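Lettering follows sequence order; numbering is per chain, from 1. This structure is a prediction, so every number in the text was calculated from the model and none was measured. These values consider heavy atoms only, across backbone and side chains, with no hydrogens, waters or symmetry-generated copies.
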Amino acid sequence: MDVYSFFIQLLNGLQYGLLLFLVASGLTLIFGIMGIINLAHGSFYMIGAYMAFSLSTLTGSLFVAIIVGIVLSVVLGVALEWALFSHLYKRDHLEQVLLTYGLILVFEELRSLIVGNDVHGVAVPAIFNWSVPLTETLSYPVYRLFMSAVCVVLAVLLYLLMAKTRIGMMIRAGSSNREMVQSLGLNINLVYRLVFALGVALAAFAGMLAAPVSSVYPGMGTGVLIICFVVVVIGGIGSIWGALVASLLIGLADTFGKVLIPQAAGVTVYVLMAAILLWRPEGLFRRI
Amino acid sequence: MIHAPERQDRRKAIALAAALLLLALFPFAGAAFYTELVTKVMILAIFALSLDVLVGYTGLVSFGHAAYYGVGAYALGLLAPPYEAANLWLTLPVAVGAAALAALFVGAFVVRVKGIYFIMVTLAFAQMFYFVFHDTRFGRGSDGISMNFKPVAAIGGFTPFDLANAVHVYYFVFAALVLVFVFLRVLLRSPFGRALQGIRSNEHRMRSLGYPVYWYKLASFTVAGALAGLAGYLSALQFGFVNPELLSWHQSGNVLLMLILGGVGSLYGAVAGAFAFVALQELFSSLTTHWQLLLGGTIILLVIFLPGGLASIAGRFKRTLVGEPDDE
């Protein structure tokens, strides 16, 4: 591997890792703060991608589609928290697994009813539809750079939200002691609703952003969900910082795994997870 | 009220005898389609029983149990020679052993973690097995393996039954189900089984009593994996082909659903849950091709309005009717 293809793979790995972070951060927040294991989190990514496809065909612009999609996914998040997830806070993990498993089945069938089972492509927006030349033969697509940049901005915003704002303070307080927050007169249910909607919107946004690169296909949610579980296990449940480090680690391991040992592609990330489990069963980082 | 437990025991014994008799006579009454359907259900019942060891008796919610089911099934698929029949008595122990080894390997990692971690990690490892069979030449890809011959049950020159005959397969699976049930009954009432239940209710206490909790959990995981492998083997035997979908996470989700339907932590419940699940599946798929929508909706409603599963309906009904206290 020469320097340029190494560089390209490095960029790909970072971009994949950053995208995973958007999905995994919501998953880890929802668990860390609300104590809920959400199997349907991958479905939000899938829903996002399908919204990007449907809305961009409808409106003709991916950016309009993304803005409308974010609004819709926040509405979806609030509605789901109100109707279903608010019943789960005091239930055991088995029941949480079942309800969210049922939700996956519902989302997958609705997807098949509304959009069908075909694979669809989403066009890259015209202004990003060019490549940065690296050598005479190699170049790097600008849209991927744009994706990475957006993810970095979002990661920074998420950090500022959690560390510097009043809402972030309430979220962190709610994660460590629900009863105490409530008795201090803060509306913890509102905090939960916000966190859940944020998680849904982040996952759906990741799906919309990825749609032009990955195309849109049934089952795309499952793949992302399981990789995000690996991310959360490696990073430590409830830790956003851990989710970021683990996402990048997984993104790089997966990308370079595919290049260096193509026979074992797909297994690399699980080997990494097994190693981390032996070394640190609680994950690399604990808590927010 | 002094006689209540005795009366309950007698009622249970009568119900059990009736169920056994019904299953034993079923192939004489039902059409071939139903014989095969009930065979499939009994295989799923073995699968659900194996998971109940983990979920119901050790308190470990595994979301990746299909991996061992798949390993057992693939063992037959890979061992079956293309131009002749495999021998049942050779391939069955190898399949169960392979599933046990796979579970021992994964278990060594996963029983180190608890709760939500355990759910995620078992799912992730199951997905790794799925990839191995789906994406490598070893598992022959997404089409899986189709077997040209059913295994034969020959011991030397003597063949006690014919596995190409659906009724014989039915009775073979029925015998396996009864054996697994009795085995688990004995195992879970042994000191080993009591220790597992102790771990389920209070792991710290068991540890401070000096129990090597890690090894007990690992043993439980391995036994559950081996029995799941048996169920997978039987499924491959019945249908004559294996594909990666046997290891998919839907399979893991469905078997958990069977346990919930029947009630977790009861061997009868696991068997009843398998029957209830297939009945629901048949009912919904006869109504619409999008039956997973109905199934998913039912699961959601069940969790929200009926914590404790279908098994709790009978208890609630009895309580409101007779006013008996809940003794479970």
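No side-chain heavy atom of B/I299 sits less than 4.5 Å from a side-chain heavy atom of A/V106. Side-chain atoms of B/Y130 and A/I226, non-hydrogen and from C-beta on, never get closer than 4.5 Å to each other.
Both the backbone and the side chain of B/I300 come within less than 4.5 Å of a heavy atom of chain A. For B/H134, no part lies under 4.5 angstrom from a heavy atom of chain A. Within the 4.5 angstrom heavy-atom criterion, no atom of A/A40 approaches chain B. Only the side chain of A/V230 comes within less than 4.5 Å of a heavy atom in chain B; its backbone stays farther off. Interface remark: A/L225 contributes side-chain atoms only to the contact with chain B (heavy atom separation under 4.5 Å).
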Next on the checklist: Evaluate B/V113 against A/V233 for side chain to side chain contact (heavy atoms under 4.5 Å, CB included), listing each step before the verdict.
Outcome noted: CA-CA 10 Å; B/V113 299; A/V233 167; over 6 Å; no
Checklist entry - Passes side chain to side chain contact (heavy atoms under 4.5 Å, CB included), A/L84 versus B/V303? Steps please. => result CA-CA 10 Å; A/L84 301 177; B/V303 173; over 6 Å; no
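Here the CD1-CG distance, from B/I260 to A/L94, works out to 4.0 Å after rounding to the nearest 0.5 Å. Between A/L277 atom CG and B/F125 atom CZ the span is 6.0 Å, to the nearest 0.5 Å. Distance check, rounded to the nearest 0.5 Å: CG of B/L295 to CG of A/L105 gives 5.5 Å. Within the model, atoms CD1 of B/I116 and CZ of A/F31 stand 3.5 Å from one another, a figure rounded to the nearest 0.5 Å. Distance check: A/L39 CG to B/L123 CG gives 7.0 Å after rounding to the nearest 0.5 Å. Rounded to the nearest 0.5 Å, atoms CZ (B/F131) and OG1 (A/T268) are 10.0 Å apart.
Here the shortest heavy-atom pairing between B/Q127 and A/Y270 reads CG-OH, 3.5 Å. The two residues A/S112 and B/H290 come nearest to each other via the heavy atoms OG-CE1, 3.2 Å. The nearest pair of heavy atoms linking B/I304 to A/R91 is O-NH2, 3.1 Å. In plain terms, the two heavy atoms of B/R112 and A/L278 that are nearest each other are NH2-O, 2.9 Å. Scanning all heavy atoms of the two residues, the minimum distance from A/E109 to B/T289 falls at OE2-O, 4.4 Å. What you find for B/Y117 and A/I237 is that their closest heavy atoms are OH-N, 3.0 Å.
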Quiz: residues 50-64 of chain B side-chain donor-acceptor pairs under 3.5 angstrom, not counting sequence neighbours:
unit_1: B/S50; atom_1: OG; unit_2: B/F47; atom_2: O; d: 2.6
unit_1: B/S50; atom_1: OG; unit_2: B/H65; atom_2: NE2; d: 3.0
unit_1: B/D52; atom_1: OD1; unit_2: B/G265; atom_2: N; d: 3.0
unit_1: B/D52; atom_1: OD2; unit_2: B/S266; atom_2: N; d: 3.3
unit_1: B/Y57; atom_1: OH; unit_2: B/G265; atom_2: O; d: 3.2
unit_1: B/T58; atom_1: OG1; unit_2: B/V53; atom_2: O; d: 2.7
unit_1: B/T58; atom_1: OG1; unit_2: B/S220; atom_2: OG; d: 2.8
unit_1: B/S62; atom_1: OG; unit_2: B/G64; atom_2: N; d: 3.2

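Interface check for chain A: of the options B/L257, B/V121, B/D135, B/L256, the most heavy-atom pairs under 4.5 Å are formed by B/V121. Heavy-atom pairs under 4.5 Å with chain B were tallied for A/L103, A/L113, A/V267; the largest tally goes to A/L113. Of the listed residues (A/V232, A/T222, A/V97, A/L110), the greatest number of heavy-atom pairs within a distance under 4.5 Å of chain B belongs to A/T222.
Within 6.0 Å of the OH atom in B/Y211, the count of heavy atoms belonging to other residues, nucleotides or ligands does not exceed 12.
A tilted orientation is assigned to the rings of A/Y101 and B/H250, their planes being inclined by 30° to 60°.
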